[in-house]
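Only one structure is covered here, and it is reproduced in the block below.
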Amino acid sequence: MTFAAAQQGPSSPGPEIIERRPFGPVAREVSLIGQGTWYIDDAHRPTAVAALRRGLDLGMTHIDTAEMYGDAELVVGEAIAGRRDEVFLVSKVLPSNASRSGTVAACEQSLARLRTDRLDCYLLHWRGSHPLEETFAGFARLREQGKILSWGVSNFDVPDLDAAWKADGGGQIACNQVLYHLGERAIEHAVMPWCEEHGVAVVAYSPFGHDDFPGPHTPGGRLLEEIAANHGATARQVALRFLLRAPNVFAIPKSSSPDHAAENASAGSLQLTQAELARIDAAFPLGSKPSRLPML
């Protein structure tokens, strides 16, 4: 395997117990399985809200959204009403808005849509034309005001991470949110080792791919189904648990129904053997290092 595997189980059995891990330099442990919200506003609103609340009930308290995601922040705001203190809430600023003043204004608009006074972490969605120093100055101002408690980046390759580390003086980046699923493991080449070395959390978005999860009639899909059957689990739970084998990795699968939320949460109690991890690793090979980090 490309890096040392780590398999940590929940503190007690049951899908309602989700393992928590240190989240970069943030002085708080975060649920390793969270909830993504890209396209959640396309779903039936009451069902989407119920899915997020079911996820919270099961311990998936890390909720990720973004100003780019249409009305997703409104859906999240409705879902977390009365439960804000349970949630590790993350949103993202668009690069086009990421000047010093633009970052502050964008965050304030996100806070209004989310109906909260603070974000637990605020991310630069991807690197754009505004200097990182300007964006980080906006982050610093927001943190001084108590409107964000930490900040991070998204879709950053190693050169971007190096630039960010230099721009902020080192040690402030909480996480790097990146595309990561069985068919797209490019971050394992350099991004994951960089983040591990620098104490930065890795958050996997689209952990089941984008409408291309391995089908049950494909070789990889059959393997996932076989391993799942041995554990009384599902293929998606097996895939999710494989991605979480490194100790600084988190995942934010989207659920548009309460049943899907429960399925995702149950992956938290799944324990894969080293032999099973090795078989999955071989079935979905890492591949060569791309010239650019993939993103959606």
Side-chain angles (χ1 to χ4, degrees), residues 31-58 60-81 83 87-97 106-107 109-116 119-126 128 152-155 175-184 187 202-215 234-237 239-240 243-244 250-267 293-296:
S31 58
L32 83 164
I33 302 174
Q35 304 188 78
T37 60
W38 194 18
Y39 293 120
I40 201 169
D41 56 323
D42 289 347
H44 179 244
R45 177 71 66 87
T47 303
V49 169
L52 288 169
R53 289 178 176 167
R54 179 62 171 153
L56 291 178
D57 292 341
L58 295 171
M60 295 192 298
T61 53
H62 174 186
I63 296 181
D64 176 87
T65 190
E67 66 171 338
M68 190 187 81
Y69 295 170
D71 287 339
E73 289 181 323
L74 298 176
V75 178
V76 173
E78 183 176 348
I80 67 174
R83 306 183 66 171
V87 181
F88 186 84
L89 185 60
V90 181
S91 193
K92 298 184 278 294
V93 58
L94 280 166
S96 57
N97 292 333
C107 181
Q109 292 167 8
S110 287
L111 292 174
R113 288 189 290 268
L114 289 161
R115 293 187 282 173
T116 185
L119 294 171
D120 294 287
C121 197
Y122 196 36
L123 312 184
L124 174 59
H125 210 147
W126 63 89
V153 296
S154 181
N155 297 300
C175 70
N176 184 20
Q177 187 182 121
V178 285
L179 178 65
Y180 187 37
H181 57 83
L182 288 179
E184 184 48 78
I187 64 167
V202 173
V203 179
Y205 71 77
S206 298
F208 301 130
H210 195 62
D211 298 326
D212 59 354
F213 187 77
T234 67
R236 286 177 179 261
Q237 289 168 345
L240 188 57
L243 299 179
L244 296 169
F250 301 75
I252 47 170
K254 187 197 76 172
S255 305
S256 55
S257 75
D259 286 345
H260 288 158
E263 180 182 5
N264 291 338
S266 292
L293 187 70
M295 60 178 284
L296 291 180

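On a predicted model such as this, the values are computed, not experimentally measured, just so you know.
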Distance, nearest 0.5 Å, that separates [atom1] of [X] from [atom2] of [Y]:
X	Y	atom1	atom2	answer
Leu182	Leu240	CG	CG	9.5 Å
Ser206	Met295	OG	CE	11.0 Å
Lys254	Gln35	NZ	CD	12.0 Å
Asp212	His181	CG	NE2	5.5 Å
Arg115	Leu74	CZ	CG	8.0 Å
Leu296	Glu184	CG	CD	9.0 Å

Using the test side-chain contact (heavy atoms from CB on, under 4.5 Å), find all partners of Gln109 that sit at least two apart in sequence or belong to another chain.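 Expected list: Arg113.
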With sequence neighbours left out, write down each residue that passes side-chain contact (heavy atoms from CB on, under 4.5 Å) with Ala261, or none if nothing qualifies.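 Only Arg54, Met60, Ser255 meet the side-chain contact (heavy atoms from CB on, under 4.5 Å) criterion with Ala261.
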For the student: nearest non-hydrogen atoms of [X] and [Y], plus distance:
X	Y	value
Ser31	Phe250	O-CD2, 3.5 Å
Phe213	Ala239	CE1-CB, 3.7 Å
Gly34	Pro253	O-CD, 3.4 Å
Ala79	Val49	CA-CG1, 3.9 Å
Ala204	Tyr180	CB-CB, 3.7 Å
His260	Ser256	ND1-OG, 4.4 Å

Below 4.5 Å, heavy atoms only, C-beta onward: do [X] and [Y] meet side chain to side chain?
X	Y	value
Leu123	Val153	no
Asn264	Phe208	yes
Val76	Leu89	yes

Qualifying residue, where the test is side-chain contact (heavy atoms from CB on, under 4.5 Å) with Val93 and the options are Glu67, His125, Met68: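 Only one of Glu67, His125, Met68 forms a side-chain contact (heavy atoms from CB on, under 4.5 Å) with Val93, namely Glu67.
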Which one of Asn176, Leu243, Val178 satisfies the side-chain contact (heavy atoms from CB on, under 4.5 Å) criterion with Val202?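 Among Asn176, Leu243, Val178, the one meeting side-chain contact (heavy atoms from CB on, under 4.5 Å) with Val202 is Val178.
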Assess whether side chain to side chain contact (heavy atoms under 4.5 Å, CB included) is satisfied between Trp126 and Leu94, documenting all intermediate values. CA-CA 7 Å; Trp126 63 89; Leu94 280 166; 3.8 Å; yes
Should Leu119 and Leu111 be marked as a side chain to side chain contact (heavy atoms under 4.5 Å, CB included) after you check the CA-CA gap, both sets of side-chain angles, and the distance that decides it? CA-CA 7 Å; Leu119 294 171; Leu111 292 174; 3.8 Å; yes
Is a side-chain donor-acceptor pair under 3.5 Å present for Ser110 with Glu73?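 The answer is yes; a qualifying pair exists.
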Under the criterion side chain to side chain contact (heavy atoms under 4.5 Å, CB included), I'd like the reasoning laid out for Thr37 against Leu52: C-alpha separation, chi angles, the key distance, then a yes or no. CA-CA 9 Å; Thr37 60; Leu52 288 169; 4.2 Å; yes
When you look at Leu179 and His210, which way does the side chain to side chain contact (heavy atoms under 4.5 Å, CB included) test go after all the steps? CA-CA 10 Å; Leu179 178 65; His210 195 62; over 6 Å; no
Assign the ring pair Tyr69 / Trp38 to parallel, tilted or perpendicular, where the plane angle (0 to 90°) is split at 30° and 60°.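 It falls in the parallel class, under 30°.
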Please answer whether the main-chain N or O of Glu263 pairs with a side-chain N or O of Gln237 as donor and acceptor at a distance below 3.5 Å.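 Between the backbone of Glu263 and the side chain of Gln237 there is a qualifying donor-acceptor contact (under 3.5 Å).
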Quick one: which of Thr65, Asn155, Asp64 gives a side chain to side chain donor-acceptor pair (under 3.5 Å) with Lys92?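 Testing each of Thr65, Asn155, Asp64 against Lys92, the sole residue satisfying side chain to side chain donor-acceptor pair (under 3.5 Å) is Asp64.
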